[in-house]
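None of these values were measured; they are calculated from a predicted model.
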Amino acid sequence: MSKIMKSSFSSHPYMLLFISILSVSISSIMIKFSDTPTSVAGMYRLFISVIIMLAFVPWRSLRSLEMNKRDWGLVALAGLFLGLHFLFWMESLVHTSVASSMVILALQPLFVMIGSYFLFKEQVSRLTILCLIVALLGSIVIAWGDIGVSAEALWGDALSLIGTLFVSMYLLVGQKVSHKIHANIYSIIVFLIGGTVMLIYNLIHDYSLIAYSAPDWTYFLLLAVIPTIFGQYLFNLLLHSIGATTVSVGIIGEPVLAIILAFLLLGEHISWLQLAGGLMTLFGMGLYFWSKSLNYKLQNNH
C-alpha cells in the first residue's frame, strides 16, 4: 500500500496531507451518529485497522531492519502515546464542548515545534511562527461562541490538553524512528499497542466488548478505514518526508474541514464568526505551506 502511495504522491506530499486531514475531519461527523462508548469505538478502529493492514505488510523487509532495542522501545512508546491520546481526548468530549477541545488540540503544532527544536535541532523562522499564530487565532475565533466555563468544562479542557500533549509526543517519537522501519509495519505495531491500551481501559471499566448492533460494527469499520488508515496511517507515512511539525500544522485545518462537512452533510449553520475564523486559519496554513515550498525550491536550486 505504501509503495503505491509513495510512487503516486512522492512529489506531492501535501496532497497526501490534505487527504489525511480530510479523513480525520470526517470522524467528527461519524461520531455524531453513534452512542457507543468512545473508548470502545477507539479500540476497534485501531484493531480493525491492524487486521486490514496485515495484508499489506512487506514481510521480506523485516529481515533488513536495522532496529536496536532502543528503536523498538521508541515504537512501543509511540503506540502507548497514541492509545493515551485517544483515551484522554475522546473522554474530554464527554465533559467539554467539541469547540473547546478543538482549540486546545490546535496547540499541537506549538508543542511539536518546541519538541522538534530540542530533539532534532529544527530551526524555526519568524515567518513560520507568524503563520502558526494566525492559524491558531483562527481556530480560537471558530470556537469562541461555543466555549463554556464551568467546573466540568474545565475538567474536560484539562483532559483535552493532556490528550494533545500525548499526540504531540506520538508524532515526535514517530519522526525519531520512522526512517528506520517500513511505514506499514510501524503503523500496525503502534495501532496494536494503542488498541491494547484502550482494551485494558475498557476491561477496567467493565464496558461490553461484543454486545453491539450491526450499525455499530459498520461504524467501527468505517472509523478504521477512513480516519485511521486514510488519516493516522498517512500521518505516519508523512513523518519521514515532511516532519512532525508540518504534519501537525496541517492538522490545524481539521476544525475548518469539520465545519464544512457538517454544513454539507448535516445541514449545520455556519456563523460569520466561524467563517472568519476558518478563513484566518486557512490563510495562516496556506502561508506556512507556501514558505515551505519556497524553501524546498531554493534548496533544490542550490
Side-chain angles (χ1 to χ4, degrees), residues 13-14 16-17 20-21 24 67-89 92 101-140 157-181 183 186-187 189-191 193-194 197 231-255 281 284-285 287-289 291-292 295-296:
Y14 297 134
L16 274 183
L17 183 60
S20 59
I21 297 168
V24 172
M67 299 274 289
N68 54 38
K69 291 183 179 179
R70 181 176 178 274
D71 295 329
W72 286 114
L74 288 175
V75 173
L77 192 62
L80 175 64
F81 288 154
L82 180 63
L84 291 174
H85 159 65
F86 277 126
L87 279 179
F88 281 94
W89 185 70
S92 75
S101 187
M102 280 183 172
V103 169
I104 295 172
L105 192 61
L107 294 173
Q108 179 188 152
L110 177 62
F111 298 146
V112 172
M113 193 177 292
I114 294 172
S116 295
Y117 175 78
F118 287 104
L119 292 176
F120 311 118
K121 307 303 179 184
E122 289 186 4
Q123 299 297 320
V124 181
S125 67
R126 293 180 180 178
L127 179 58
T128 298
I129 296 174
L130 175 63
C131 297
L132 179 59
I133 291 174
V134 172
L136 288 175
L137 287 175
S139 296
I140 294 173
D157 293 341
L159 292 176
S160 181
L161 179 61
I162 296 172
T164 302
L165 286 169
F166 277 126
V167 76
S168 301
M169 290 187 288
Y170 164 70
L171 290 174
L172 288 168
V173 172
Q175 180 175 336
K176 184 75 174 177
V177 77
S178 62
H179 65 285
K180 292 187 176 183
I181 185 171
Y186 173 77
S187 296
I189 295 174
V190 296
F191 290 170
I193 295 174
V197 170
Q232 293 292 337
Y233 166 70
L234 292 187
F235 290 151
N236 294 338
L237 191 65
L238 290 167
L239 285 175
H240 179 50
S241 59
I242 63 177
T245 300
T246 301
V247 170
S248 62
V249 169
I251 296 174
I252 296 180
E254 181 184 344
T281 297
M285 290 173 58
L287 195 60
Y288 173 85
F289 290 121
S291 67
K292 292 288 289 186
N295 290 335
Y296 179 77

(request) Grab the two heavy atoms, one from L172 and one from G115, that are nearest each other, plus how far apart they are. (result) CD1-CA, 3.8 Å
(message) Could you check whether any side-chain heavy atom of L82 comes within less than 4.5 Å of a side-chain heavy atom of I193, counting everything from C-beta outward?
(response) no
(request) Would you mind reporting whether M169 and L77 have side-chain heavy atoms less than 4.5 Å apart? (result) no
(message) Using side-chain heavy atoms (C-beta onward) and a distance below 4.5 Å, is V112 in contact with Q175?
(response) no
(request) Answer yes or no: is there a side-chain heavy-atom contact under 4.5 Å between F111 and T164? (result) yes
(message) Let's go through F166 and L87 carefully: what are the C-alpha distance in whole Å and the side-chain angles of both, what is the deciding distance for side-chain contact (heavy atoms from CB on, under 4.5 Å) to 0.1 Å, and is it a yes or a no?
(response) CA-CA 10 Å; F166 277 126; L87 279 179; over 6 Å; no
(message) Between F191 and N236, is there a side-chain heavy-atom distance shorter than 4.5 Å?
(response) yes
(message) If we ignore hydrogens and angles and just use 3.5 Å, is the side chain of S116 paired with the main-chain N or O of M113 as donor and acceptor?
(response) no
(request) Compare all side-chain heavy atoms of V190 with those of Y170 and state whether any distance is below 4.5 angstrom. (result) yes
(message) For a 4.5 angstrom cut-off between non-hydrogen side-chain atoms, does V134 reach L137?
(response) no
(request) Any chance you could measure K180, atom NZ, to D71, atom CG, to the nearest 0.5 Å? (result) 3.5 Å
(message) Nearest 0.5 Å, please: how far is CG in L165 from CH2 in W89?
(response) 15.0 Å
(request) Quick one: pull up CD1 in I181 and CD1 in I189 and give me the separation to the nearest 0.5 Å. (result) 4.5 Å
(message) Let me confirm one number: the CG-OG distance from L237 to S187, rounded to the nearest 0.5 Å.
(response) 7.5 Å
(message) What's the separation between atom CG in L16 and atom OH in Y233, rounded to the nearest 0.5 Å?
(response) 9.5 Å
(message) Return the CG to NE2 distance between L171 and H85, rounded to the nearest 0.5 Å.
(response) 9.0 Å
(request) Considering non-hydrogen atoms only, spot the tightest contact between Y186 and A78 and give its length. (result) OH-CB, 3.3 Å
(request) Please name the pair of heavy atoms, one in S160 and one in S92, separated by the smallest distance, quoted to 0.1 Å. (result) N-CB, 3.5 Å
